[in-house]
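Here is the structure we will look at, set down as C-alpha cells.
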Amino acid sequence: MGCGFRRALVAAAAFPFLLAPAAFAQDLLRGPYLGKPDDADVAVVWDTAEPLDSRVDYARPGAPSAAEADPSFVTHHVVVLRGLAPGATYRYTISSGGAVLAPAAGFRTAGDASAESLAFAVIGDTSGGSVPRAIAQRLLASPAQLVLHTGDVVYPAGAQADYTSEFFAPMESLLAHAPVLPCIGNHDAATDAAAALLANFVLPQNGVAPEPRFYALRAADALFLVLDVETSSYGAGSAQYRWLESQLASSTARWKFVVLHEPLYSSSNPNTLARMILAPLFERYGVDIVFAGHEHLYERTVPIHDFTSSGPGVVYVTEGGGGAVLSDFSREDYSAYVASVYSYVIVTISGGRLTLTAHDLSGNVFDGTEISKGPPAPRRASAGEAAGAPPAPAGPRR
Amino acid sequence: MRRILPAAAAAAMAIAGLARAQEQLPTSSIAAPPAGGGLVRIDLGQYQTRSFVDRFGQTQRFPGLLTFEIATLEVSYGVSGRLSVGALLPYRRSTYEPPGVREYESDASPGAGAFAGVRLSPAGSASALFVRAGYFRARPGGDAVLTTSDELNRWTLSVEEARAPSPDRRWDWAARLDAQYSGRHEGEPRYLEGTLEARGGPRIASGRRLEAHLEAAASYRLASAAIEEDAFFHNRRSQRAYAGLVGSLGEAGRADPRWSLRLGATWDIAARNALSGSRFSLTLERRF
C-alpha cells in the first residue's frame, strides 16, 4: 500500500463528506433531511433498508470536523447535532454501516434571539412531483434558512407508503439543506391521525402533549407557532389554546407568525370556526402573519382586526400552491391579492422590516408586501391571568 | 305597461319560488290554511352555543357566547281544500362576544321565499299528510364572521304527517322529512341537507275553550357542509340531532283551531362538524 493511498484513506476517514458519489452505498432509502428538535439544534434524518448504526460528520468551513454517532441498529436514523453556532453554515455527511450514504450537504442555522435577520420560506399542499420538485430547486437557491409547510404534505391520505414518492423524492434537493417544518393538514390526518407525518419529521416538543402536533420555534427575532386544527382540540380552554396563549403572551420576539392548515380568511373556503376561536387571540397578542394552506392557491389579505379589514391588524396568507389541483375562488373584500397559481413564499426579516414575496415556479415575484414595526411591546398579562385564572401550561419563553 | 311589468315580475318572483324557512324551528309545522282562508304564522327562535363539535367528536369551545335569533313571518292562502300557496320572510340577528374583541353583531333578513303545499290525505282522516315544495332566495351576504345570510338559494321539499286536529284527541304527534338542495357554494359543487323531525305527547290539560299538550321532540339532520344559522362554518359533512320538549296551547274541541301557540326547548346531541347548543322557540299560528 503506497504512502499516497494511505494519506487518501486517512483524509477520507477524517472528512468522509469529501467522498465521491460513486462510493455511496445502496442502503439509503430516504434522506438525508433535516429536522428541528428545538430552537438551537438540528436533526439529521435518513432511512436505510437494513438496520444499521448512525453517524453524522459535520463541520463549519475551515473548522475541525465533529461527529455524532449512535451505535444502535435502526432503519430510521435520527442524529441530533447539538451545540451548533447560531447563524453559521455547516457541511455534513451521513454514514451507516461504515459507509457514507449520500453526498455532502450543507445547512445554515438560524440566528439566536439577538439576531435581527432571518429568511424563511412557506410552501403548502405539495403534490404531483413536478411542482414540488420545481419549488425545491427554487428554494435551494433562495436565502431561506427554514421552510414552513402549511400542511397536506402527502396526498391523498398522508400514508407512509406515499411519502417517498410524493414528498421526499421530489423535494430531495432541498430537504438535505433546510429543515421543513410542517403543520398537520386534513389529508395528512386521513391515515391514523397523521401518524406518518409525526414519525417522519423531527419537530420541537410542546411540553403539554405527548406528540408535537402543535409546536413553537424561535429563530432570530421571530416566533413561529405551528398549530394543529385537524386532529387536536383548539377551542378555548383546550390544551392547545392555553399553550398558544401562553406562548404568545410570554414571547419576547419582535415578529410572531402562526402556521395552520385551514385558512381563517379565504376567497375559496375559509374555516370560520377557526376564525372565531383563534383570530381574537392572534389580534390580542400582535401576531403579524398567519400562514395557511388547504386551498390550492395563493392569497394575501389586507390587515384584519376585530373581524374587519380596517386599520392595522393581522395579515392572513394562504400558500397552498404546492402542486395539488388548483382551487377556484371568488374574491372577498378583504383580499389584497389572490391567484390560483403554483407558488411559494419567501419572507425576509431585517430588524423591524419584513418583506414577503410570492413567487411562481419560474421564480418570478407576482405579489409582495412589506411590514415595518418597532421593538416588541412590553409583555401584557393574558386575559386569563388578568381574571385570576390558573396560569396556562408553561413552556420556555421564546 | 311600465307599471305592470315590474308588478308582474315581483308577483312571479313571489310565487314561482316556493320555500320554507331556512331554519325550521322545533315548534314549526306545515299547517294548512282553510280553503279560501289564510294562515299567518310567526316563528321566533333563539339558539345559543359556546361550542362546535368537530368531525372527530372533539368539542371546540368558542371564547365567547354565540347567539342566533330568528323571527320568521309566514303567510299562506288556501287556494282549495288541498292546495295552498304562501310566502315567508325571516329576519335574523347574530351576536358573538369573544373577550378582547369588540362584540360582533349583525342583523338582516337572510332572504325571502315562497312555497306551495298540497294536502294529500282526504278530509276527515285521522292524520293529515302534507307535501310542501319551495324555493328560498337568499340575500347576498359577504364573508362576515357571522353572516345573516348563507347566500344559498335553495330548493326545498318537505313531507309532514301529523295527527289531524279533532275534538277527542288525547295525543298529538307529527313527523316531518325535509330535504334541501342548493347549487354551488364556497367552492363546493352543491349543498344538500336532510332533516327528520318527530314529536309526540299527550294532552295534559283541557277545558271548554283551551287544551294543552306536552310533546317530546327529536330531530336528526345531515348536511354536506356545516352551514348553520345562516353562517358557514366548514365545508365538510355535518350532522346534528336534538332532543327536547314542545308544549302547545290551542283552542279546544275544534277540528280546525283558529289559533295555537307552541313553546319549545331543545338541546343538541350527537353533533359532528356542527354547532352544539340549545334553542328556545315560540310559534304562533292564526287562521282566518
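Here is how names work: the chains are called A, B, and so on, in the same order as the sequence lines, proteins then strands, and each is numbered from 1. The figures that follow rest on heavy atoms only: side chains count, while hydrogens, waters and symmetry mates do not.
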### Query
Do you know which of Pro280(A), Ala274(A), Ser238(A), Ala279(A) has the most heavy-atom pairs with chain B at a distance under 4.5 angstrom?
Pro280(A)
### Query
Is it the backbone or the side chain of Glu262(A) that comes under 4.5 Å from a heavy atom of chain B, or both, or neither?
side chain
### Task
Dump the intermediate steps for salt bridge (Lys or Arg N to Asp or Glu O under 4.0 Å) on Glu228(B) and Arg279(B), then the final yes or no.
CA-CA 13 Å; Glu228(B) 301 176 78; Arg279(B) 187 190 308 277; over 6 Å; no
#### Entry: Check ion pair Glu245(A)-Arg284(A) (N to O, under 4.0 angstrom)
yes
### Side chain, backbone, both or neither of Asp333(A) within contact of chain B (heavy atoms, under 4.5 Å)
neither
### Message
Can you tell me which portion of Ser233(A) sits under 4.5 Å from chain B's heavy atoms? Options are side chain, backbone, both or neither.
### Response
both
### Query
Heavy-atom distance under 4.5 Å to chain A: side chain of Leu66(B), backbone, both or neither?
side chain
#### Entry: Interchain contact, Thr308(A) with chain B, by part (heavy-atom threshold 4.5 Å)
side chain
#### Entry: Arg50(B) portion near chain A, given a 4.5 angstrom heavy-atom threshold
neither
### Query
Of the backbone (N, CA, C, O) and the side chain (C-beta and beyond), which part of Gln58(B) lies under 4.5 Å from a heavy atom of chain A, both, or neither?
side chain
### Query
Which bit of Tyr96(B) is near chain A, if near means a heavy-atom gap under 4.5 Å: side chain, backbone, both or neither?
side chain
### Query
Looking at Ala189(A), Ala236(A), Ser330(A), which has the largest count of heavy-atom pairs under 4.5 Å with chain B?
Ala236(A)
#### Entry: Side-chain ion pair, Arg240(B) and Glu229(B), N-O less than 4.0 Å
yes
### Query
Any idea which heavy atoms bring Arg41(B) and Ser28(B) closest together, and the distance?
NH2-CB, 3.9 Å
### Query
Can a salt bridge be assigned to the pair Glu319(A) and Arg300(A) using a cut-off of 4.0 Å between side-chain N and carboxylate O?
no
### Query
Would you call the rings of Phe307(A) and Tyr104(B) parallel, tilted or perpendicular if under 30° counts as parallel and over 60° as perpendicular?
perpendicular
### Query
Between Leu89(B) and Ser109(B), which heavy-atom pair has the shortest distance, and what is it?
CD1-OG, 3.7 Å
### Query
Is the Trp267(B) ring parallel, tilted or perpendicular to the Phe280(B) ring (thresholds 30°, 60°)?
perpendicular
### Task
Answer with side chain, backbone, both or neither: which region of Phe329(A) has an atom nearer than 4.5 Å to a non-hydrogen atom of chain B?
neither
### Query
Side chain, backbone, both or neither: which part of Thr59(B) has a non-hydrogen atom closer than 4.5 Å to chain A?
backbone
### Message
Please verify the inter-ring angle class for Phe68(B) with Tyr47(B); under 30° counts as parallel, over 60° as perpendicular, anything in between as tilted.
### Response
tilted
### Message
If I measure from the heavy atoms of chain A, does Phe233(B) come under 4.5 Å with its side chain, its backbone, both, or neither?
### Response
both
### Pro98(B), part contacting chain A, at a heavy-atom distance under 4.5 Å
side chain
